[in-house]
Amino acid sequence: MDKIFELIEKEEEQQKELVYLIPSENFISENVKKALGSDLSNKYAEGYVGKRYYQGNKIIDEIEQLAIDRGKKLFGVEYLNVQPYSGSPANGAVLMGLVNPGKTICGLKLSSGGHLTHGHPNITFSGKFFNSVQYDVNDEGKIEYNKLYQLVDQTRPKLIFAGTTAYPWILDWKKFGEIANSVGAYLVADISHIAGLIVGGVHPDPVPFVDIITSTTHKTLRGPRGAIIGVTKKGLDKNANLTKLIDRAVFPGLQGGPHMATIAAMAVAFEEDALPEFKLYAKQIVKNAQALKIGLIEGAQGFAPIHIFGTENHLMVVDVGFEKGKEVAVKLEEKGIIVNANTIPHDKGSPFKPSGIRIGSPAMTTRGWKEKEFADIGQKIANIINNQ
Ligand code: DSN
């Protein structure tokens, strides 16, 4: 057997055995996998439905249109672009389409649970080509909307990102909307982490309050690695050209041919995400995260209490001691538990030596775990943190 297939088999076996608690990971269905591995990979389809630069795309057009229609219904948006290769290119396209280089943009600090593409300074396109101002969280790890209002008032950004990768609390879309409206900024909800919770009805929906949503389609949505950009009614009312600006920025602005197998897999996932079972799954994710937290607290009894940031959603960030995040993550891996090292709010360590770990429940909830299993694994993690 080709070595590569041996390695794939090994990885597949491992994925059945280990405990996956990285909040951005999940397990796709057999149908999503089937679409991803299909012959759609063979086709080039630069352009959009009905306007392709290559021939032979009649069926491809139907597939992309189906993904768009299902996604629009699922997210409740007026327009959807399903071509972004992943979350970072999606946010890149939004910036390219809506903000001129050098203008001010605003996002949550990476070290406080934001994302690289939301204006992380110096090393990312969003921090290099735009004047990035960043907001922060308080000691509890919560966004302080009053401070954000002041920052926005002083700096008058053209675009504000409301979105997170390591934020365990519910986001207040209404407040974000009021803040963006106060300076006429575009408001972009990057819902990559919580999209499944939103469509599953266990996190408030940003659509009435924002102009644009971006989201990866893996994570809590359980689709393929890819992303979408949606424009809301509010966004269209603000600027009827938004759809054109976004389309042009995705292609030809940033990308070439869309990955059609991925887009077909998205259509499959969107159908699955609209089923009543998915609502139960989303509910269970949150219940399981709560149970995990209780397990961590119980497991730490007799030791110094573990400080846990969260949780109201699918994840929590756990303070494991100054610069100890990586060490603890490696120790957990040795015991078959997969998490990632993460900064805690106002971490005194660096992103390379952070003081926390990030733990989440989406993947093992897909595997059928309930509160009991999550409470048990929480206790086990607390013991490992305490070298037991
Ligand atoms: N890499 C993703 C995560 O783990 O949250 C964010 O892009």
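In listed order, ligands and their atoms are each counted from 1.
Pairs of residues two or more places apart, or lying in two chains, that qualify as side chain to side chain donor-acceptor pair (under 3.5 Å) and include a residue from residues 316-336 are Lys331-Asn387. Screening residues 306-317 for side chain to side chain donor-acceptor pair (under 3.5 Å) gives His193-His314, Thr311-Asn313 as the qualifying pairs, with residues at least two apart or on separate chains.
The aromatic ring centres of Phe309 and Tyr167 sit 6.0 Å or more apart. For Tyr149 and Tyr135, the ring centers are positioned 6.0 Å apart or more.
Think of Leu116 as one node in a network of Ile, Leu, Val, Met, Phe, Trp and Tyr side chains linked at under 4.5 Å; its network also takes in Leu110.
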Contact table, ligand 1 N/O with protein N/O, distance under 3.5 Å:
unit_1, atom_1, unit_2, atom_2, d
ligand 1, 4 (O), Ser24, OG, 2.7
ligand 1, 4 (O), Arg358, NH2, 2.8
ligand 1, 5 (O), His193, NE2, 2.7
ligand 1, 5 (O), Arg358, NH1, 2.9
ligand 1, 7 (O), His115, NE2, 2.8

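The shortest distance between side-chain heavy atoms of Leu197 and Pro362 does not fall below 4.5 Å.
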